[in-house]
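Quick note on labels: first sequence line is chain A, next is B, and so on, each numbered from 1.
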Number of protein chains: 2
Amino acid sequence: MFSKATEYALRATIYIAQRSSDENKPGMAEIAKAIDSPQSFTAKILQLLTRNNRIVSSVRGPNGGFFLTDKAKKLPVRSILEAMGEDEVLEKCVLGLKQCSEAKPCPMHTNYKLIKGQLIDLFETKSIQSLADEFENGGAKLNNRIK
Amino acid sequence: MFSKATEYALRATIYIAQRSSDENKPGMAEIAKAIDSPQSFTAKILQLLTRNNRIVSSVRGPNGGFFLTDKAKKLPVRSILEAMGEDEVLEKCVLGLKQCSEAKPCPMHTNYKLIKGQLIDLFETKSIQSLADEFENGGAKLNNRIK
DNA sequence: ATAATTAAGGACAAATTTATCCTTAATTAT
DNA sequence: ATAATTAAGGATAAATTTGTCCTTAATTAT
Ligand code: FES
Ligand code: FES
């Protein structure tokens, strides 16, 4: 559904949201290990998310790392997709027509639009914080390396 | 959601299902034009779908082209995804964990699994024929070039 | 039989995505 | 101030996806 880059972006952001505080900010090595992603590539992705502090914030130097402002934590998950330039996936025609519309629907449109609506709703309603909470409770994981 | 290759595969197969008969079998040029896809690339994709007549059948020579057997028309749309080696998209974890499961759910799992279930159901329940019917009725399109 | 037509298939090219590595800049601790 | 730490950023490479082109094989019409 999403590119690897966006998957890493989602997992990394959720991890940072849950693990960062004023005293403790996770760094690249920790994050990449926790979400099971290639470190250098994930670093590049966090650079995107950090531009203008749109989603993620960071500090350099000893004890530096990444964190989310309270404001950022309240953002809908969809804002991560937007920052990654991949949120059109939610609006796209499932058969790849140039636009998904009632006016010129593809043969799957009538059935798919219901699912599409729920997908959009999910990504717009759920906040980054709410996912971090699921992670914190211990019920949800951000990796599943075969043990 | 799907690769371009799979999008073309879906549109091409639906088009062939509706337009082919014993007397008239659409050829590559016609198909690519009708579904607004690059002809040579689409030809490669139809080669995949034609292997062992899994989904699409073909005949070479004058008045040759592509068609679907009655049996093939009854296949679920998911079988096209399978032939394209892309049906794991339906089962995948939305955050890219190696497996989507109740045992090790990601933070979106609880919400996403409902949508996922509907997606799987849609692709397993809908037949290629039923989509061809929507196209035939004229209500559904397989392209939307900006006119 | 011959020529024309059309899909099959191989080789290759372009574009995009994924990934690594190294240098620079900022910040902190000493 | 100096050294250590950590993110930012540039350059580049590898892998995958998307796409084209040309030759071959099968079939049909004449
Ligand atoms: S037009 Fe295809 S899903 Fe809406
Ligand atoms: S584990 Fe992520 S969607 Fe099921």
Side-chain angles (χ1 to χ4, degrees), chain A residues 1-13 15-16 19-20 22-33 35-68 83-86 88-89 96, chain B residues 1-13 15-16 19-20 22-33 35-68 83-86 88-89 96:
Chain A
M1 166 154 270
F2 299 119
S3 66
K4 297 225 183 237
T6 294
E7 289 174 354
Y8 300 151
L10 290 163
R11 302 215 297 274
T13 304
Y15 181 81
I16 295 165
R19 285 307 186 91
S20 68
D22 286 343
E23 315 87 55
N24 194 355
K25 304 186 206 326
M28 271 316 309
E30 177 185 344
I31 294 166
K33 197 174 177 191
I35 69 170
D36 196 22
S37 68
Q39 178 170 337
S40 297
F41 189 43
T42 309
K44 279 273 175 286
I45 291 158
L46 284 182
Q47 277 176 34
L48 292 177
L49 297 177
T50 308
R51 290 278 162 76
N52 310 115
N53 292 344
R54 290 245 351 262
I55 313 281
V56 177
S57 306
S58 66
V59 282
R60 293 198 253 200
N63 301 314
F66 298 87
F67 65 100
L68 265 75
M84 294 299 295
E86 201 165 344
E88 92 279 336
V89 174
Chain B
M1 164 153 271
F2 299 119
S3 66
K4 298 228 182 234
T6 294
E7 289 173 355
Y8 300 152
L10 290 163
R11 301 215 298 273
T13 305
Y15 182 81
I16 294 165
R19 286 306 187 91
S20 68
D22 286 344
E23 315 86 54
N24 194 356
K25 304 186 205 328
M28 271 316 309
E30 176 185 344
I31 294 167
K33 197 175 176 190
I35 70 170
D36 196 21
S37 68
Q39 178 170 337
S40 296
F41 189 44
T42 309
K44 279 272 176 288
I45 291 158
L46 283 182
Q47 277 176 34
L48 292 178
L49 297 177
T50 307
R51 290 278 163 76
N52 310 115
N53 292 345
R54 291 244 352 261
I55 313 280
V56 176
S57 306
S58 66
V59 283
R60 294 197 254 200
N63 302 314
F66 298 87
F67 65 100
L68 264 75
M84 294 299 295
E86 201 166 344
E88 92 280 334
V89 175

Distance check needed: C:dG10 C1' versus B:Leu48 CG, whole Å only.
14 Å
Would you say C:dA8 has OP1 or OP2 under 4.0 Å from some side-chain N or O of B:Arg51?
no
When rounded to the nearest 0.5 angstrom, what distance separates CG in B:Leu46 from CD in B:Gln39?
10.5 Å
Between B:Thr42 and B:Met28, is there a side-chain heavy-atom distance shorter than 4.5 Å?
yes
If I take atom CD1 in residue A:Ile45 and atom P in nucleotide C:dA19, what distance separates them, rounded to the nearest angstrom?
8 Å
So what does B:Ala43 hit on the nucleic acid, given a heavy-atom distance under 4.0 Å: a base, only sugar-phosphate, or nothing?
nothing
Any chance you could measure B:Glu86, atom CD, to B:Leu10, atom CG, to the nearest 0.5 Å?
9.0 Å
Both B:Val59 and A:Lys25 contact DNA chain D. Taking the nearest nucleotide for each, which residue is further toward the 5' end?
A:Lys25
I want to verify a distance call: between D:dT18, D:dA4, C:dT18, whose nearest atom is closest to the A:Ala5 side chain?
C:dT18
Picking from D:dA4, D:dA25, D:dT28, the nucleotide nearest the side-chain atoms of A:Pro62 would be D:dA4
What is the distance from CD of A:Glu86 to C1' of C:dT16, rounded to the nearest Å?
12 Å
Does C:dT18 have its OP1 or OP2 closer than 4.0 Å to a side-chain nitrogen or oxygen of A:Tyr8?
no
Assigned partner base of C:dA29, Watson-Crick or wobble definition, under 3.5 Å
D:dT2
Atom CG of A:Asn24 to atom C1' of D:dT5: distance rounded to whole Å?
15 Å
For D:dA29, does OP1 or OP2 lie under 4.0 Å from any side-chain N or O of B:Asn63?
yes
Pairwise distance CD1(A:Ile45) to CE(A:Met84) - rounded to 0.5 angstrom:
5.0 Å
Phosphate oxygens OP1/OP2 of D:dA8: is one of them under 4.0 Å from a side-chain N or O of A:Ser58?
yes
What integer distance in Å separates A:Met28:CE from C:dC21:C1'?
14 Å
Partner lookup for D:dA11, please. Criteria are Watson-Crick or G-U wobble with both distances under 3.5 angstrom; report none if nothing qualifies.
C:dT20
Under a 3.5 Å cut-off for both contacts, is C:dG9 paired Watson-Crick or G-U wobble with anything, and if yes, with which nucleotide?
D:dC22
Specify the separation, in whole Å, of atom CZ of B:Phe2 and atom C1' of D:dT17.
17 Å
Separation of B:Gln47 atom CD from C:dA7 atom P, in whole Å?
11 Å
When only distance counts, do a donor and an acceptor, one from the side chain of A:Lys44 and one from the base of D:dG10, lie under 3.5 Å apart?
yes
First encountered from the 5' end of DNA chain C, between A:Gly61 and A:Gln39
A:Gln39
Identify whether any heavy atom of B:Ser40 sits under 4.0 Å from a base atom; if not, whether one sits that close to sugar-phosphate; answer base, sugar-phosphate or nothing.
base
When rounded to the nearest 0.5 angstrom, what distance separates NZ in B:Lys25 from CD1 in B:Ile31?
12.0 Å
State the CD1-CZ distance between B:Ile55 and B:Phe66, to the nearest 0.5 angstrom.
14.0 Å
Among the nucleotides C:dT27, D:dT20, C:dA19, whichever has the atom closest to the side chain of B:Pro38 is D:dT20
When you get a sec, tell me which of D:dG19, C:dA8, C:dT18 is the closest nucleotide to the side chain of A:Phe41?
C:dT18
Rounded to whole Å, please give me the gap between CG in B:Asp36 and P in D:dG19.
11 Å
